[in-house]
Every structure is written in structure tokens, then in C-alpha cells.
Amino acid sequence: MFKIYGIKNCDTIKKARNWLAASGVDFQFHDYRTDGLDSALLDTFIATLGWEALLNTRGTTWRRLDEATRQTINSAAAAKQLMLATPAIIKRPLLCSADGSMLPGFNEASWQQFIEEKS
């Protein structure tokens, strides 16, 4: 079973969920806004992928931050604090397999390969 993390109203999440369903992949969806995001789970994400891979610096949430705040996000601790306060700033979707492997972002070819390797 796979798990995807994100926010349900995100267009990329919708595409990813539809693709998984159409591909017959068994998955569970975790919405940061309704299901929450705790510190231990975020620590796992950061330990596996690194904070730089998780932080979405291309999205609207990042662009809405003032420059002074953006400049302070220069370490795992600072990024973690921001991601806990504003989960929408985490790159999404985040696809996780039962073995703990993770793949951030959505790309059909990458997801297909990841799922085949982990199934």
C-alpha cells in the first residue's frame, strides 16, 4: 500500500490521485490540513529526503513570504519550523511506500517506476 501526502484542493494532488486510481494502485491519502502534520512525521520526511527537497520554493505559499522570512530558511530546523506552521509549503504530492521510500512531486513516469519497484 502506498500513501500520498498533500492538500486535497491542490490540482497536482488531484491529478496524482486520479492517476493512482486509474492505474489500480492501492493508496491512502493524508491531507495535511485535515489529518495534520506532526513533528515526528516531518522529521522522517526530512531525514529521508532532506529539507531542501521538501520545501516548495516555486509555489504561491513561498512567494507570499516576505524576503526577510525567506532568508531565515537556511537550515533543516528553520525549514521544519516553517513547514509545521505552513504545511502548504511542502512540495506535493509526496508518495511514500511501505518500506519508507519517498518520492516528492508528481511525474507519471517516475511514479510508475517507483510503484513497480516497490510493489
Side-chain angles (χ1 to χ4, degrees):
M1 159 108 68
F2 293 89
K3 193 166 196 173
I4 61 170
Y5 293 87
I7 297 167
K8 70 180 171 190
N9 63 344
C10 169
D11 288 339
T12 307
I13 291 289
K14 290 175 187 175
K15 272 194 263 186
R17 291 176 72 179
N18 289 337
W19 183 85
L20 287 169
S23 299
V25 177
D26 189 24
F27 72 95
Q28 180 181 20
F29 176 63
H30 181 104
D31 188 326
Y32 295 131
R33 290 190 175 143
T34 57
D35 301 320
L37 174 64
D38 63 44
S39 181
L41 181 60
L42 187 54
D43 283 341
T44 301
F45 295 167
I46 292 170
T48 303
L49 297 170
W51 67 270
E52 296 95 338
L54 286 172
L55 190 64
N56 183 3
T57 58
R58 298 172 127 189
T60 306
T61 306
W62 178 261
R63 289 192 307 266
R64 285 184 187 153
L65 295 175
D66 60 75
E67 187 60 30
T69 301
R70 281 186 264 180
Q71 293 300 318
T72 66
I73 310 304
N74 56 11
S75 67
K80 178 183 174 184
Q81 184 177 3
L82 177 64
M83 288 185 266
L84 284 172
T86 313
I89 206 154
I90 299 171
K91 190 175 286 181
R92 53 192 187 266
L94 178 59
L95 178 63
C96 299
S97 69
D99 71 359
S101 300
M102 298 176 193
L103 185 63
F106 178 64
N107 173 285
E108 288 183 20
S110 297
W111 277 40
Q112 184 69 43
Q113 181 178 354
F114 183 82
I115 289 166
E116 287 174 3
E117 290 172 2
K118 303 301 174 182
S119 295

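Values below: every heavy atom of this structure, side chains too, minus hydrogens, waters and symmetry copies. Keep in mind that this is a model prediction, so the values were computed, not measured.
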(request) Would you check if the side chain of Ser75 reaches a backbone N or O of Ala78 as a donor-acceptor pair within less than 3.5 Å? (result) yes

(request) Carefully, step by step, assess Leu103 and Trp111 under the rule side chain to side chain contact (heavy atoms under 4.5 Å, CB included). (result) CA-CA 8 Å; Leu103 185 63; Trp111 277 40; 3.4 Å; yes

(request) Answer yes if the side chains of Glu108 and Gln112 hold a donor-acceptor pair under 3.5 Å, and no otherwise. (result) no

(message) For the CG atom of Asn56 and the OG1 atom of Thr12, what is their distance to the nearest 0.5 Å?
(response) 9.0 Å

(request) Measure the spacing between CZ of Arg92 and CG of Leu54 and express it to the nearest 0.5 Å. (result) 12.5 Å

(request) Answer yes or no: is there a donor N or O on one side and an acceptor on the other, between the side chain of Ser101 and the main chain of Ser97, under 3.5 Å? (result) no

(message) Does any part of the side chain of Leu49, heavy atoms only, come nearer than 4.5 Å to the side chain of Pro104, both counted from C-beta?
(response) yes

(request) Starting at CG of Asp99, measure out to CD of Glu117 and round the result to the nearest 0.5 Å. (result) 10.0 Å

(request) Indicate if Leu20 and Met102 have the same hydrophobic cluster label, given that clusters are the connected sets of ILVMFWY residues with side-chain heavy-atom separations under 4.5 angstrom. (result) no

(message) Would the distance check show the side chain of Arg63 and the main-chain N or O of Arg58 forming a donor-acceptor pair, the cut-off being under 3.5 Å?
(response) yes

N/O donor-acceptor pairs under 3.5 Å from side chains in residues 37-45, not counting sequence neighbours:
unit_1	atom_1	unit_2	atom_2	d
Asp38	OD1	Ala40	N	3.2
Asp38	OD1	Leu41	N	2.7
Ser39	OG	Lys80	NZ	2.6
Asp43	OD1	Lys80	NZ	2.7
Asp43	OD2	Lys80	NZ	3.2
Thr44	OG1	Ala40	O	3.1

(request) Quick one: pull up OG1 in Thr72 and CD in Gln81 and give me the separation to the nearest 0.5 Å. (result) 8.0 Å

(request) Give the ring-plane orientation class for Phe114 versus Phe2, where under 30° counts as parallel, over 60° as perpendicular and anything between as tilted. (result) tilted

(message) Quick check against the 3.5 Å criterion: does Trp51 have a side-chain atom that pairs as donor or acceptor with the backbone of Asn74?
(response) no

(message) Counting C-beta onward and ignoring hydrogens, is there a side-chain heavy-atom pair between Thr69 and Trp62 closer than 4.5 Å?
(response) no

(message) Asp11: which residues meet the salt bridge (charged side-chain N to carboxylate O under 4.0 Å, His left out) condition with it, sequence neighbours left out?
(response) none

(request) Determine whether Tyr32 and Ile13 fall in the same hydrophobic cluster, where Ile, Leu, Val, Met, Phe, Trp and Tyr are linked whenever their side-chain heavy atoms lie under 4.5 Å apart. (result) no

(message) I'd like to know if Tyr5 and Ile46 are part of one continuous hydrophobic network [Ile/Leu/Val/Met/Phe/Trp/Tyr, side-chain heavy atoms within less than 4.5 Å].
(response) yes

(request) Decide yes or no on side chain to side chain contact (heavy atoms under 4.5 Å, CB included) for Arg70 and Leu65, but give the supporting numbers first. (result) CA-CA 6 Å; Arg70 281 186 264 180; Leu65 295 175; 3.9 Å; yes

(request) Evaluate the side chain to side chain contact (heavy atoms under 4.5 Å, CB included) criterion for residues Ile73 and Leu55: first the C-alpha distance (whole Å), next the side-chain angles of each, then the deciding distance (0.1 Å), finally the verdict. (result) CA-CA 10 Å; Ile73 310 304; Leu55 190 64; 3.6 Å; yes

(message) Tell me if the NZ atom of Lys15 is crowded by more than 12 foreign heavy atoms within 6.0 Å.
(response) no

(message) Show, in sequence, the C-alpha distance, side-chain angles and deciding distance for Leu95 and Ile115, and conclude whether the side chain to side chain contact (heavy atoms under 4.5 Å, CB included) test is met.
(response) CA-CA 9 Å; Leu95 178 63; Ile115 289 166; 4.2 Å; yes

Using residues 24-31 as the side-chain source, report each donor-acceptor pair under 3.5 Å to any protein atom, sequence neighbours left out, with the distance given to one decimal.
unit_1	atom_1	unit_2	atom_2	d
His30	NE2	Gly36	O	2.6
Asp31	OD1	Arg33	N	2.8
Asp31	OD2	Lys8	N	3.2

